[in-house]
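Single-structure report; data block below.
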Amino acid sequence: MQTKPFRIGTRGSPLALAQAFETRDRLMAAHGLGDEMFEIVVMSTAGDRITDRALAEIGGKGLFTQELEDKLLSGELDFAVHSSKDMPTRLPEGLFLSAYLPREDARDAFIGRAGPRLLELPEGSVIGSASLRRQALIRRLRPDLQVIVYRGAVETRLRKLDEGQVDGTLLALAGLKRIGRTDVVTEILDPQEFPPAPAQGAICIESRKDDLRVAALVEAINDIPTFEAVTCERAFLSALDGSCRTPIAGFAQTDGQTIRFSGMILTPDGTWHHRVEREGPASDPEAIGRAAGDAVRAAAGPEFFTSWS
């Protein structure tokens with residue numbers, strides 16, 4: 001019988017906290033537990049503290065997770081809650097993604113100050129984005145725009161937009177929904193033209209492989225369609241050695257016993273891209289994603305990556 005509160009690790013941004021509390025509330029409902037059985041432990045990560053440089057320059061996605069994972073491995077946390085798209089494809093030995101909450105809307109949202117739609121912005125407008133994928137897609141659609149690195153929590157980016165530092169920015173629609181800020185959205189981007197990042201919109205739980213107590217706890221809230229889709233998308237990333245240096249998009253959906261995946265790789269300047277589509281049994285999502293990654297890598301050829309890396 002569990003007597004001590006489960007310690008839930010999270011970053012301290014409003015979005016991260018909203019995700020941690022949603023996870024806690026789902027666990028309380030699933031197991032009939034009171035809130036005294038859960039302790040939210042807020043931590044600052046290097047990715048939160050260093051906001052003036054692109055992630056690729058300072059270490060990549062792991063900067064949002066390392067401090068939390070260190071505490072997991074030491075036993076100071078029982079599990080951590082993350083935005084799935086922030087998770088590296090290779091996790092520290094002994095840790096795994098043990099559950100996913102039901103996925104929110106995976107699309108990107110545009111917030112425009114100089115115009116409500118990305119394609120309607122005046123020539124030469126400045127767009128701020130921290131995502132290499134978004135930067136490449138913007139350049140592909142609007143090579144006339146200036147794209148700058150633009151990091152920080154959601155509210156920080158919105159404040160910078162209001163101050164006129166940029167003419168527009170893009171954020172995950174899921175995150176805006178979770179913190180109640182869909183009022184700022186001026187356009188929801190078509191996922192065919194502007195495909196989302198792998199795992200975008202999904203909240204994941206990371207825990208120790210040997211902690212059967214936590215595994216049993218979180219199994220009750222694991223959403224199987226989300227688990228299948230994100231597993232497929234992360235396998236696609238892994239097959240391409242996906243990192244913050246690589247513009248990669250990917251989105252999978254399950255339909256009964258079938259999973260359908262669509263992916264894209266781009267050069268950072270957006271001038272070249274390759275698409276791939278695959279479908280297969282939802283019972284083996286990792287194989288579908290890996291096959292899609294292998295296929296698009298073969299189609300692009302090694303020069304696609306070496307030309308700009």
Side-chain angles (χ1 to χ4, degrees), residues 1-13 15-48 59-104 174-175 178 198-235 237-238 242 285-286 289:
M1 177 74 69
Q2 178 78 18
T3 56
K4 295 181 180 179
F6 289 98
R7 294 157 297 179
I8 307 173
T10 178
R11 294 160 59 199
S13 71
L15 176 56
L17 289 170
Q19 294 179 161
F21 279 107
E22 179 181 345
T23 302
R24 183 204 65 176
D25 292 348
R26 287 179 179 272
L27 287 169
M28 288 168 55
H31 295 283
L33 298 173
D35 60 7
E36 72 279 0
M37 289 305 300
F38 298 93
E39 178 187 356
I40 305 292
V41 180
V42 179
M43 298 189 62
S44 173
T45 69
D48 297 311
K61 293 180 178 181
L63 291 171
F64 288 120
T65 62
Q66 183 175 338
E67 286 86 349
L68 291 161
E69 289 171 335
D70 288 345
K71 296 296 184 183
L72 273 175
L73 290 169
S74 71
E76 294 173 71
L77 295 175
D78 293 304
F79 57 94
V81 177
H82 306 281
S83 293
S84 298
K85 71 173 183 176
D86 289 340
M87 299 303 292
T89 55
R90 294 179 179 85
L91 301 180
E93 184 67 29
L95 301 181
F96 78 122
L97 302 185
S98 47
Y100 293 92
L101 273 58
R103 193 177 204 164
E104 246 295 358
R178 289 187 176 117
Q200 185 158 304
I203 297 170
C204 66
I205 297 172
E206 184 180 24
S207 60
R208 292 182 295 277
K209 290 180 179 178
D210 62 359
D211 195 331
L212 302 182
R213 175 189 53 128
V214 168
L217 179 81
V218 303
E219 182 181 13
I221 63 169
N222 184 37
D223 185 71
I224 298 302
T226 302
F227 171 84
E228 293 168 344
V230 175
T231 297
C232 178
E233 293 161 20
R234 284 175 55 79
L237 263 183
S238 182
E286 188 171 352

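Note: hydrogens, waters and symmetry copies are ignored here, and every other heavy atom, side chains too, is used.
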With sequence neighbours excluded, what pairs up with [X] under the side chain to side chain contact (heavy atoms under 4.5 Å, CB included) test?
{"X": "E104", "value": "A174, K177, R178"}
{"X": "S98", "value": "F96, I205, S207, V218"}
{"X": "T10", "value": "A16, L17, A20, I40, V42"}
{"X": "L91", "value": "E69, M87, L97, E206, R234"}

Determine the sole option in R11, E67, E76 for which the side chain to side chain contact (heavy atoms under 4.5 Å, CB included) test with M43 is passed.
E67

Look up atom [atom1] in [X] and atom [atom2] in [Y], then write down how far apart they are to the nearest 0.5 Å.
{"X": "Q19", "Y": "C204", "atom1": "CD", "atom2": "SG", "result": "8.5 Å"}
{"X": "E219", "Y": "L212", "atom1": "CD", "atom2": "CG", "result": "11.0 Å"}
{"X": "L77", "Y": "D70", "atom1": "CG", "atom2": "CG", "result": "10.0 Å"}
{"X": "I8", "Y": "F79", "atom1": "CD1", "atom2": "CZ", "result": "4.0 Å"}
{"X": "E233", "Y": "K85", "atom1": "CD", "atom2": "NZ", "result": "12.0 Å"}

Side chains of [X] and [Y] in contact at under 4.5 Å (non-hydrogen atoms):
{"X": "H82", "Y": "L68", "answer": "yes"}
{"X": "I224", "Y": "T226", "answer": "no"}
{"X": "R208", "Y": "D78", "answer": "yes"}

If every non-hydrogen atom of S238 is compared with every non-hydrogen atom of T89, which pair is closest and at what distance?
N-CG2, 3.9 Å

Check: A199 main-chain N/O paired with S84 side-chain donor or acceptor under 3.5 Å:
no

For I203, is there any backbone N or O sitting under 3.5 Å from a side-chain donor or acceptor partner on R103?
no

Salt bridge (charged side-chain N to carboxylate O under 4.0 Å, His left out) partners for D223, two or more places apart:
none

Restricting to salt bridge (charged side-chain N to carboxylate O under 4.0 Å, His left out), what partner residues turn up for E39, sequence neighbours left out?
none

All ring-ring contact (aromatic ring centres under 6.0 Å, His included) counterparts of F38, not counting sequence neighbours:
F6

Please list all pairs passing the side chain to side chain donor-acceptor pair (under 3.5 Å) test where one or both residues lie in residues 23-37, with sequence neighbours left out.
E22-R26

